[in-house]
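Following: one structure in structure tokens, then a few remarks.
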Amino acid sequence: MVKQGGAAAALVERLGISIDPELLVLALTHRSFAYEAGGLPTNERLEFLGDSVLGIIVTERLYRDHPDLAEGDLAKMRAACVSQKALAEVARELDLGPFILLGKGEIATVGLDKDSILCDALEAVLGAMYLSNGIDATRAAIERLLAPSLARAAGIGAGLDWKTSLQEACAARGLGSPSYELEGLGPDHLRTFTATVIVGGAVAGTGRGSAKKHAEQEAAAVAYAAITADTL
């Protein structure tokens with residue numbers, strides 16, 4: 001592994017792979033910091049790239065490791081491996097939080113330990129990793145970092161993908177398909193999404209997250225718990 005100087009050397013050591021220093025700084029630049037610093041580039045483009053790279057690598061690994069599983073089961077396993085909660089835990093294991101550049105407001109609210117911020121930053125780091133090293137080296141690094149999640153995925157059950165599990169639970173009970181309403185609140189650099197899931201014409205659950213997909217998954221989890229407990 002190629003060593004890098006600077007404060008991020010410990011992080012690079014934990015990742016086990018070199019990353020272009022400028023890309024790494026960009027990957028760790030949260031929008032709150034960029035906004036307060038006068039409009040610096042944020043890590044959101046790298047997060048977008050990292051999310052896609054992560055998705056294809058995890059999908060390929062699951063496809064190869066579970067040749068007998070149907071598409072639906074593989075989709076649930078992938079959703080569990082790349083969920084906000086799962087990626088935030090990987091970020092915590094790396095102790096990624098202290099390296100993230102945050103604005104004063106996020107620092108005051110302990111943003112360095114928020115699932116949404118940790119997840120987004122990790123995806124951005126993976127994007128930087130890909131641009132710095134290409135797909136093969138990045139695949140090896142991601143498979144190593146996510147090895148525990150990949151191993152656990154087969155036994156998580158409904159939590160593999162709450163939206164799909166909710167859809168199945170609704171169909172089994174004749175409740176029709178759930179629908180989602182989304183609302184984004186706050187300025188661009190501190191945007192939070194709230195999702196409301198509607199089942200049978202009634203609100204069944206709500207969730208929040210820094211991305212629409214995370215808010216919807218959280219809302220679906222609440223609704224699934226209510227429906228399977230027959231409280232709706």
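Numbers here are sequence positions counted from 1.
- How far CG of Asp68 is from CG of Asp73: 11.0 Å, rounded to the nearest 0.5 Å.
- Among residues at least two apart or in separate chains, salt bridge (Lys or Arg N to Asp or Glu O under 4.0 Å) pairs with a member in residues 166-175 are Lys76-Glu168.
- Shortest non-hydrogen contact noted between Cys81 and Leu87 is O-CD2, 3.9 Å.
- Each of Val222 and Leu175 belongs to its own hydrophobic cluster when Ile, Leu, Val, Met, Phe, Trp and Tyr are linked at side-chain heavy-atom distances under 4.5 angstrom.
- When hydrophobic clusters are built by joining Ile, Leu, Val, Met, Phe, Trp and Tyr residues whose side-chain heavy atoms come closer than 4.5 Å, directly or via intermediates, Ile142 is grouped together with Ile56.
- Expressed to the nearest 0.5 Å, how far OG1 of Thr194 lies from CD of Glu218 amounts to 9.0 Å.
- Interatomic distance, CG of Leu28 versus CG of Leu96, reported as 6.0 Å (0.5 Å rounding).
- The shortest side-chain heavy-atom distance between Ile135 and Ile57 falls under the 4.5 Å cut-off.
- By the rule that hydrophobic residues join a cluster once side-chain heavy atoms approach within less than 4.5 Å of another member, Val110 and Phe33 end up as members of separate clusters.
- Applying the salt bridge (Lys or Arg N to Asp or Glu O under 4.0 Å) rule to pairs touching residues 115-124 yields Arg92-Asp115, sequence neighbours excluded.
- Panel note: side chain Arg31, backbone Thr42; no donor-acceptor pair is recorded below 3.5 Å.
- Considering only residues two or more places apart in sequence or on other chains, Gln167 meets the side chain to side chain donor-acceptor pair (under 3.5 Å) condition with Ser177.
- Under a cut-off of 6.0 angstrom, the local environment of NZ in Lys85 is sparse, with at most 12 non-hydrogen atoms contributed by other residues, nucleotides or ligands.
- Shortest non-hydrogen contact noted between Ser32 and Gly103 is OG-N, 2.8 Å.
- Atom CG of residue Leu101 and atom OG1 of residue Thr29 lie 4.5 Å apart, to the nearest 0.5 angstrom.
- Residues Gly16 and Arg144 share a closest heavy-atom pair of CA-NH2, 3.7 Å.
- One finds the CD atom of Glu89 at 12.0 Å from the CG atom of Leu146 (value rounded to the nearest 0.5 Å).
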Item to complete: Start with the C-alpha distance between Glu143 and Arg61, add both sets of side-chain angles, then the distance that settles salt bridge (charged side-chain N to carboxylate O under 4.0 Å, His left out), and finish with yes or no.
Response: CA-CA 8 Å; Glu143 289 183 349; Arg61 176 61 184 269; 3.4 Å; yes
Under 3.5 Å, sequence neighbours excluded: what are the donor-acceptor pairs made by side chains of residues 195-209?
none

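- The side-chain hydrogen bond (donor to acceptor under 3.5 Å, both in side chains) analysis of residues 128-137, with sequence neighbours excluded, yields the pairs Asp136-Arg139.
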Item to complete: Decide side-chain contact (heavy atoms from CB on, under 4.5 Å) for Met77 and His66; before the verdict, give the C-alpha distance in whole Å, the side-chain angles of both, and the deciding distance to 0.1 Å.
Response: CA-CA 10 Å; Met77 293 175 71; His66 303 279; 3.3 Å; yes
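- In this structure, CE in Met129 is found 9.5 Å from CG in Leu24, a value given to the nearest 0.5 Å.
- Looking at every heavy atom in both residues, Ala215 comes nearest to Phe193 through CB-O, 3.6 Å.
- A 4.5 Å side-chain heavy-atom check between Leu62 and Leu150 finds at least one atom pair inside the cut-off.
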Let me have the donor-acceptor pairs involving side chains of residues 46-55, under 3.5 Å, with sequence neighbours excluded, atom names and distances please.
residue : atom : partner : partner atom : Å
Asp51   : OD1  : Lys213  : NZ           : 2.8
Ser52   : OG   : Phe48   : O            : 3.4

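- Results of the side-chain contact (heavy atoms from CB on, under 4.5 Å) test with Val125 over Ile100, Leu145, Leu15, Val12 single out Leu15 as the only residue that passes.
- Shown here for Ala220 and Tyr180, the closest heavy-atom pair between the two residues is CB-OH, 3.5 Å.
- Closest of all the heavy-atom pairs between Arg14 and Leu94 is NH1-O, 2.8 Å.
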Fill in: side-chain contact (heavy atoms from CB on, under 4.5 Å) assessment of Leu40 paired with Leu26
CA-CA 9 Å; Leu40 293 175; Leu26 180 59; over 6 Å; no
